[in-house]
Chemist: 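One structure, as structure tokens, below. Some questions next.
For the single chain, residues carry numbers from 1 onward in sequence order. Below, all heavy atoms of this structure are taken into account, side chains as well, without hydrogens, waters or symmetry copies.
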Amino acid sequence: MPPRAVLRRLLPTHLHRPAARHAPRQARPPPSATDEGPLPDPYALLVHDPIDLLSSLWRRAFAHPLPSPFPNLSGYASRLDLWLLSYQRACAHATGTFPPRHAVPLPTLHSLLRLRAAALRRHPAFPWGASTHLLLRSPVDKPSTVPISRRKLEARFSDAPPPFQDRVVQELLLLLLEPVFEPRFSPKSHAFRPGRGPHSAIRSVRSRFAAYLWFVSADLTAVVDGLSPDTILSCVQKAVSDRKVLSLLKSALSAPVRPGSVPPMEKDLDGLTKKRLKRKVLRKSRKKKVLNENEPKPDPYWLRMFFGFAPEQACHVPNYGHCGIISPLLANVCLNELDWWMEEKINQYFCPSKHDSIWKEVGDDGCHNPAWPEFVPSAGKEKTRKMDFLRFGSHVLIGIRGPREDAVEIRRQLMEFCERTFGLRPENSMVEIEHITRGIEFLDHVITRRVIYPTLRYTASGGNIVSEKGVGTLLSVTASLQRCIRHFRKLELVKGDRDPEPLPCSPMLYSGQAHTNSQMNKFLETMADWYRYADNRKKIVGFCAYVIRSSLAKLYAARYRLKSRAKVYKIASRDLSRPLRENTRNDAPEYSDLLRMGLVDFIEGVQFARMSSIPSCDYTPFPRNWVPHHELILQEYIKLQDPKFFLELHKTIKRQEISSPQDDISKMVWYYKVHGVYDDKRSLVGTKELRNGEVINGNKQLLLDT
């Protein structure tokens, strides 16, 4: 056999297939590996709605008793409808568009059947990270028409990204495992979970951390990244007993990973290094890129700017083997052991004091409604000892109301628990103890307190009104201005730390004024929503608006040759809503005429040009036993499906003499049948009239008269 033919047999379909006159076909593996007979008709298997299947799985998972593992996930994993949904989600990630279900061609459905058979077969294991003999090809892969040498082929294999079929299997595992673990997670975990996020974590801090003096801030990133496959599987097996799913997950954790399949870490270059770069390299990096036919469009500039403001606690995403998008879920599964261990420590540590003015009887009554920051009196000798915690990803925040010795003991027990459970001990510098007066930084917000001296008025014995000066604290959650300046410096929009100077927004140099203003308005709206629950929301959003307006003014001054920001503000006004021109010819049409004819775009003014237009902090009540909306709906639905709950609810209504809507409708219908006239007010008292016999006698007299 010639060498070129050997190379073509080894090459995957997206590398070696020549330019053909017909459409490219799906890559087929050797018959001995996957073909176990003729494939069934895929259209006969697509009989269920995947959303209905997932809804039933969520209902079963929330209704299932928690201590026992969830059985029979293979029944859901064998549904071709869910595999097709996973393929659609993977295509949306690869191409940026969600393909309709009826638009998926028949060869792709056959490939999905082969992929399903290979994934659910325990022996041999699923080929994670395969380079050749792919079962399913990405819609963006193009065939290569140029033959290459063996050396280039090996180099391309070593640097090849993870195959598309791995993403499809990961999407399916995520759809199956997420509803199983969600009811088992602690309500104090807020990262990588549906319905929870940084906002729910910040609101929980404001709601539950009002009177704590000492805080233990732990960064367990090194522990999470170093989890072994055996540790992860042992935690998963406590909730999942399906052997096929566990075998597929074990192969994903144990299969070797190529160095090229791991995305490289982005390197941040300092200013001196960037200055040393050649202008040719910078000009090439800023050159406009022409997208391919099926290549997804990049994120808009305002969204990339907002992603640059991501907190350090939210930037790190764990990655285990070939698990990909299910790695954050697996990290939460392992750290869930830490969450419930902390819950036990909270119950053990709670020690109420009758002499304290708060938390006298119960540790967490759930009836507190902190619409505003909670006032905590600080007078008195004895205090109630209480502890609470919150976890966002691999970052743990523990609040303690007690002496510093208790915080030191909790820190020691936390480190020992990590070493005993996960086999890794966090470094001493990653677990710190801080006092509330110093300020604790969490998710780019600073948790601190303000001491206030209110006047307490009360009625003493004898009816005398007594006024006394009290002392107390208010929990303050403010946005970190230094972090905001640091993010702007990273985006090259300001220079300096103490007195930052805005820089021109050079990426928008070739965009029009209308497009530039609209992009920056979207960014400012997103930033105002991000700092929604910060006490200094007006200040921090006002600073962001000042940086954006000054940066755009410098950009417009350079583009339209106006020399200074003052001239730009003089022509375009404070919010840059008036049009700027490059020439001042008298024969040029007015902007209003061009706008009326539809030849130019409407120019939006940059938002938040004045402090009065910036919204204040959102102090919406956040109960301590809060759960996301979708979990409330699931719990209510499961209760209504229980016949015992429905009968008990019906007995309660009858016992309290409360009429149900069905009874009211029956009374109105009966009143209409008797009187022939609809009267909703009198129909509600129809039963009393029927008891007295007045309605029947009146009806007889009416018939005699007619």
Side-chain angles (χ1 to χ4, degrees), residues 128-129 161-162 166-167 169-170 173-174 177-178 181 185-186 188-193 196-198 201 216-239 246 248-268 307 310-342 389-398 411 413-432 441-444:
W128 293 95
D166 288 7
R167 177 79 184 198
V169 180
Q170 292 167 7
L173 287 176
L174 183 63
L177 295 179
E178 189 175 45
F181 287 103
F185 285 157
S186 170
K188 299 177 182 179
S189 169
H190 295 269
F192 309 117
R193 297 183 60 186
R196 292 177 170 88
V216 179
S217 179
D219 183 4
L220 306 180
T221 303
V223 176
V224 172
D225 291 342
L227 292 175
S228 62
D230 296 336
T231 303
I232 298 175
L233 285 176
S234 62
C235 296
V236 173
Q237 289 175 356
K238 296 179 180 180
L246 291 175
L248 183 61
L249 191 60
K250 182 179 180 180
S251 62
L253 292 169
S254 305
V257 181
R258 298 192 311 270
S261 61
V262 180
M265 299 295 294
E266 297 183 359
K267 298 181 180 180
D268 298 333
F307 288 160
E312 293 182 358
Q313 292 88 348
C315 287
H316 179 74
V317 179
N319 190 13
Y320 304 120
H322 295 277
C323 293
I325 58 175
I326 61 176
S327 297
L329 176 63
L330 298 179
N332 274 336
V333 170
C334 296
L335 291 178
N336 190 43
E337 305 290 332
L338 174 64
D339 297 341
W340 293 113
W341 176 80
M342 282 299 307
F389 90 103
L390 181 143
R391 184 176 63 82
F392 189 88
S394 57
H395 295 263
V396 181
L397 185 67
I398 305 174
R411 176 182 180 272
Q413 294 179 7
L414 174 64
M415 300 177 70
E416 291 180 354
F417 176 83
C418 293
E419 186 178 8
R420 182 175 62 256
T421 306
F422 307 127
L424 296 170
R425 184 181 181 89
E427 298 181 2
N428 293 330
S429 60
M430 296 291 102
V431 186
E432 299 179 349
E441 191 168 342
F442 186 72
L443 293 174
D444 284 358

Chemist: Can you name the one residue among Val223, Leu220, Val224, Asp225 that meets side chain to side chain contact (heavy atoms under 4.5 Å, CB included) with Leu424?
Modeler: Val223
Chemist: Are the side chain of His190 and the backbone N or O of Gly393 linked by a donor-acceptor pair below 3.5 Å?
Modeler: no
Chemist: With side chain to side chain contact (heavy atoms under 4.5 Å, CB included) as the criterion, how do Leu338 and Phe417 come out once you've worked through the C-alpha distance, each side chain's angles and the decisive distance to 0.1 Å?
Modeler: CA-CA 8 Å; Leu338 174 64; Phe417 176 83; 3.6 Å; yes
Chemist: Identify the heavy atoms of Cys418 and Pro426 that sit nearest to each other, and give their distance.
Modeler: CB-CD, 3.8 Å
Chemist: Hey, could you give me the CG/OG distance between Asp219 and Ser429, rounded to the nearest 0.5 Å?
Modeler: 9.0 Å
Chemist: Within this structure, what is the CD-OG1 distance for the pair Glu427 and Thr221, rounded to the nearest 0.5 Å?
Modeler: 11.0 Å
Chemist: When rounded to the nearest 0.5 angstrom, what distance separates CG in Asp230 from OG in Ser234?
Modeler: 7.5 Å
Chemist: Of the non-hydrogen atoms in Ser189 and Asp339, which two are nearest, and what is the gap between them?
Modeler: CB-OD2, 3.8 Å
Chemist: Is it the case that more than 12 heavy atoms not belonging to Glu416 sit under 6.0 Å from its CD atom?
Modeler: yes
Chemist: List the steps and the verdict of side chain to side chain contact (heavy atoms under 4.5 Å, CB included) for Lys238 and Glu337.
Modeler: CA-CA 11 Å; Lys238 296 179 180 180; Glu337 305 290 332; 3.2 Å; yes
Chemist: Taking Asp166 for its side chain and Trp128 for its backbone only, find out whether a donor-acceptor pair lies under 3.5 Å.
Modeler: no
Chemist: Looking at every heavy atom in both Leu246 and Gln237, which two are closest together, and how far apart are they?
Modeler: CD1-CG, 3.9 Å
Chemist: Given the rule in the side chain to side chain contact (heavy atoms under 4.5 Å, CB included) test, do Phe185 and Leu329 qualify, once you have shown the distances and angles that lead to the verdict?
Modeler: CA-CA 11 Å; Phe185 285 157; Leu329 176 63; 4.0 Å; yes
Chemist: For Asn428 and Met415, run side chain to side chain contact (heavy atoms under 4.5 Å, CB included): C-alpha distance rounded to whole Å, both residues' side-chain angles, the deciding distance at 0.1 Å, then the answer.
Modeler: CA-CA 9 Å; Asn428 293 330; Met415 300 177 70; 3.2 Å; yes
Chemist: Looking at Glu441 and Gln313, what are the two nearest heavy atoms and their distance?
Modeler: O-NE2, 4.1 Å
Chemist: For the atom pair CG (Leu174) and CZ (Arg167), what is the distance rounded to the nearest 0.5 Å?
Modeler: 9.0 Å
Chemist: So, using side-chain contact (heavy atoms from CB on, under 4.5 Å) as the criterion, who are the partners of Cys334 when residues are at least two apart?
Modeler: Leu227, Ile232, Cys235, Phe422
Chemist: Given Ser228 and Thr231, is the side-chain hydrogen bond (donor to acceptor under 3.5 Å, both in side chains) satisfied, shown in steps?
Modeler: CA-CA 5 Å; Ser228 62; Thr231 303; 2.8 Å; yes
Chemist: If only atom types and distance count, is the side chain of Asn319 paired as donor or acceptor with the main-chain N or O of Ser327 below 3.5 Å?
Modeler: no
Chemist: What pair of heavy atoms forms the shortest contact from Ser186 to Arg193, and how long is it?
Modeler: O-NH1, 2.7 Å
Chemist: Say you draw a straight line from CD of Gln170 to CG of Leu248; how long is it, rounded to the nearest 0.5 Å?
Modeler: 10.0 Å
Chemist: Are the side chain of Arg196 and the backbone of Lys188 linked by a donor-acceptor contact shorter than 3.5 Å?
Modeler: no
Chemist: Taking all heavy atoms of Trp341 and all of Arg420, pick out the closest pair and write down the distance.
Modeler: NE1-NH2, 4.5 Å
Chemist: Taking Ser217 for the side chain and Glu432 for the main chain, is one N or O donor matched with an acceptor at less than 3.5 Å?
Modeler: no
Chemist: Return yes if some donor-acceptor pair links the side-chain N/O of Glu178 with the main-chain N/O of Ile326 below 3.5 Å, else return no.
Modeler: no
Chemist: Should the pair Phe392 and Phe442 be assigned to parallel (<30°), tilted (30 to 60°) or perpendicular (>60°) ring geometry?
Modeler: perpendicular
Chemist: I'd like to check Val333 versus Leu177 (side-chain heavy atoms, cut-off strictly below 4.5 Å). Are they in contact?
Modeler: no
Chemist: Between Arg411 (side chain) and Val431 (backbone), is there a donor-acceptor pair under 3.5 Å?
Modeler: yes
Chemist: So how far is it from Cys323 SG to Leu253 CG, rounded to the nearest 0.5 Å?
Modeler: 4.0 Å
